[in-house]
> 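What follows is a structure written as structure tokens; I'll ask about it next.
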Amino acid sequence: MGQKTHLEKDKEIHLNYEGSAEALDTLRHSSAHLMAHAVLDLFPGTQTGIGPAVEDGFFYDFLRDKPFVPEDLEAIEKKMRQIAQEDIPIQKVVFSKEEALRLFQEKGQELKVELIEEKGNKEVTCYKQGSFVDFCLGPHVPSTGHIKHFKLLSVSGAYWKGDEKGKQLQRIYGTSFFKKKDLDAYLTLMEEAKKRDHRKLGAELDLFSFNENLGAGLVLWHPKGATVRHVIENYWWEEHIKDGYGFLYTPHLAKLDVWRKSGHTEFYDAMYPPILSEGIEYEIRPMNCPFHVMVYNSRQRSYRDLPLRWAEMGTVYRYERSGVLHGLMRVRGFTQDDAHIFCRADQLEEEIKKVIFLALRLLKTFGFKDYDVFLSTRPEKHVGKLEDWDKATQALEKALKQTGLEFREDEGEGVFYGPKIDIKVKDALNRSWQCTTIQLDFNLAERFQLRYVGEDGKFHSPFLIHRALLGSLERFFGILIEHYKGNFPFWIAPVQVIIIPIADRHNDYASTLDKKFKENGLRSQIDLRREKVGYKIRDAEIQKIPVLLIVGDKEVTNGTASLRIHTIGDRGEIIIDEFLDKLKEMSKNKSLTVNL
RNA sequence: GCCAGUGUAGCUCAGAGGUAGAGCAACUGAUUCGUAAUCAGUAGGUCGAGGGUUCGACUCCCUCUGCUGGCUCCA
């Protein structure tokens, strides 16, 4: 379906099929119009901003004295259904710019007037449905009756043209589908996402918490969360050792002058105010780079020393505005799995390739197999030599191509100090999360005068690669929790095995098993409470412990245990030593599934 | 930071201008039990914090703080 057009110039006929993404966008765009139509009917005097289709639905921005409250959404939705039922034709109308301006002026739609003045050509395309007219390029569905399966979701604030200093508008979000089945599936997916929300699971599984008295965005890692973190860090270290990294520990604080020199005070706005001590200003670090650079500068370097790869789980603190904080995904204190690589021009491509492969190796092991990859190139405002930018951008591109990854080029979206590669992982619900970032840094190399002595005996500037693979441990943990819905793979699970004795008389036997598992490097736990098996099993299942071992008279006599696998169920008796080996194997292989 | 919503027991949630209630969890006792909740009893709250209005505030008003959904920004 599509909009029929009788324009002489526009001979092109849009034939959109329901299955296509374009068709869905059209439907949603029309849904946005329908919503604006309903809003203007219900709340005369409201001004309309923009109302596009977005990834999961649509929104429309409104300017109105009184804010919309949740109850208004119900009324608007009802009105929308009414207008949809009337099946009003949606027509394309072309005005001259003057006509269009007059029309919207008369309607008191000043925002639209502003838009037409900016974007309108000689001829201004509008779409009309009954009393509602909108400045819009279309296309749209033929009539309001085509819009059947939609739901308004939320109200929020939004700035006119995205400008924080501009007018504050009210945005209403909704979604719309061709088929009821699809709408229901979407709503179910939202419910599903809520169930695996890391904030909810974090509390339920006792992984981490926040505390109002401590401050927003500051994470308390509980023992179970800390165990997962430790597992992640251990594995991360092993892989970095394999790739020839050295490790650094550096302080969380430095004189403000360091940050002046690095340019952070000038260019970076997420810094906490400095701390004055004995007349000297200190700054809590928002980044690790200057410290690593100082290690580099602690002695003279030769071209033979390069590349130098130095990694640190570097904790940083950034003042994030209160409204942007979000569970573990966006915090004020976090630990980056950071590293800086100092290399020569001729090593650049190889080093970047190595980093990409290392990133993929790590992400795959954690179970992430789909990625969105971006290459961001030189923005207008930048530092560094053009020649270096070109060389580096080429190296990034060449390295990416060699990995066989599909990537998108974001032209001009690089940071002012260098081009970069970003890798976002897709989780179990196909949501995308920023993890890996690989950035060239011409700024620090220059400001801290990084040098090495070349083959020719002269000083040269090394390239500085700044990279984080998991991103931040906090965010990565959050992503892991949501990806697995708290059902961590065996090698990651904070408690891997729980031993459940049926009655008191089985406690001793159970304890020897627990001890044996612990001695073999497994994270085992024992439930000695005087409760019925059913109760203990339920508890263990809720805690999402992957392996449950139940021991009663039979098992004590046979020297065995009965296995129950989380979410799978009872698997019968197992022989301890054999089983122990299997578990150790599973841990060692970092298996993502339970193979027992 | 901005717009909107929200904060009642450890958790999930009722209630309401006259000093708070349920279920689960916790604790105590009984039960010694075979694959997702045994029974009974007890205890638990400065109703997010501070200020104001009122004879009286958990309830109304203001400020702060945390959280939620967005905007803007970002690992």
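In this text the structure is predicted, and so the values were computed from the model without any measurement. In what follows, chains are A, B, ... by sequence order, proteins preceding strands, each numbered from 1.
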> For Phe210(A), which contact category applies under a 4.0 Å heavy-atom criterion: base, sugar-phosphate, or nothing?
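If one applies the 4.0 Å heavy-atom cut-off, Phe210(A) turns out to touch nothing in the nucleic acid.
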
> Does OP1 or OP2 of G1(B) have a side-chain N or O of Ser322(A) closer than 4.0 Å?
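Indeed, a polar side-chain atom of Ser322(A) lies that close.
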
> Which part of the nucleic acid, if any, lies within contact of Asp553(A), taking any heavy atom under 4.0 Å across all strands shown: a base, the sugar-phosphate backbone alone, or nothing?
base

> U68(B), OP1 or OP2 - any side-chain N/O from Arg199(A) closer than 4.0 Å?
yes

> Mind checking if Val316(A) touches a base, just sugar-phosphate, or nothing, with heavy atoms under 4.0 Å?
nothing

> Base, sugar-phosphate, or nothing: which does Val155(A) touch, judged by heavy atoms less than 4.0 Å apart?
base

> For Phe334(A) and A75(B), are the ring centres under 5.5 Å apart with planes inclined under 30°?
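Ring-base stacking flag set for Phe334(A) and A75(B).
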
> Give one of base, sugar-phosphate or nothing for Lys536(A), where a contact means two heavy atoms less than 4.0 Å apart.
nothing

> Would you classify Glu320(A) as touching base, sugar-phosphate or nothing, given that sugar-phosphate means primed atoms plus P, OP1 and OP2, and contacts are heavy atoms under 4.0 Å?
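It contacts base atoms.
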
> Counting heavy atoms from C-beta on, name the nucleotide in C74(B), G34(B), A4(B) closest to the side chain of Arg475(A).
C74(B)

> Return the nearest nucleotide to the side chain of Tyr535(A); candidates are G70(B), U38(B), A36(B).
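When the side chain of Tyr535(A) is considered, U38(B) is the closest of G70(B), U38(B), A36(B).
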
> Rounding to an integer number of Å, can you tell me how far Asp504(A) CG sits from G34(B) C1'?
15 Å

> NA contact type, Arg321(A), heavy-atom cut-off 4.0 Å: base, sugar-phosphate, or nothing?
base

> Would you mind telling me which of U35(B), C74(B), A26(B) lies closest to the side-chain atoms of Arg318(A)?
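For the Arg318(A) side chain, the nearest candidate turns out to be C74(B).
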
> To the nearest Å, give me how far apart CG (Asn507(A)) and C1' (G34(B)) are.
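Interatomic distance, CG of Asn507(A) to C1' of G34(B): 15 Å.
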
> OP1, OP2 of G1(B) versus side-chain N and O of Tyr319(A): anything below 4.0 Å?
yes

> Which atom names give the shortest non-hydrogen contact between Thr46(A) and Gln109(A), and what distance separates them?
O-NE2, 3.1 Å

> Can you figure out which of C3(B), C33(B), G1(B) approaches the side chain of Glu164(A) most closely?
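Comparing C3(B), C33(B), G1(B) against the side chain of Glu164(A), the answer is G1(B).
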
> Applying a 4.0 Å non-hydrogen cut-off, can you work out what Glu474(A) is touching in the nucleic acid: base, sugar-phosphate, or nothing?
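No contact.
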
> Cation-pi between Arg171(A) and Phe59(A): NZ/CZ under 6.0 Å from ring centre and within 45° of the ring axis?
yes

> With a 4.0 Å cut-off on heavy atoms, is Ala468(A) in touch with a base, just the backbone sugar-phosphate, or nothing at all?
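Contact class for Ala468(A): none.
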
> Please check the phosphate of G69(B) (OP1 and OP2 only) for any side-chain N or O of His326(A) closer than 4.0 Å.
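Yes.
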
> When the C1' atoms of A57(B) and G17(B) are compared, how many Å lie between them, rounded to an integer?
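It comes out at 7 Å once rounded to the nearest Å.
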
> Within the structure shown, what part of the strands sits under 4.0 Å from Gln434(A) by heavy-atom distance: base, sugar-phosphate, or nothing?
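Result for Gln434(A) = sugar-phosphate.
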
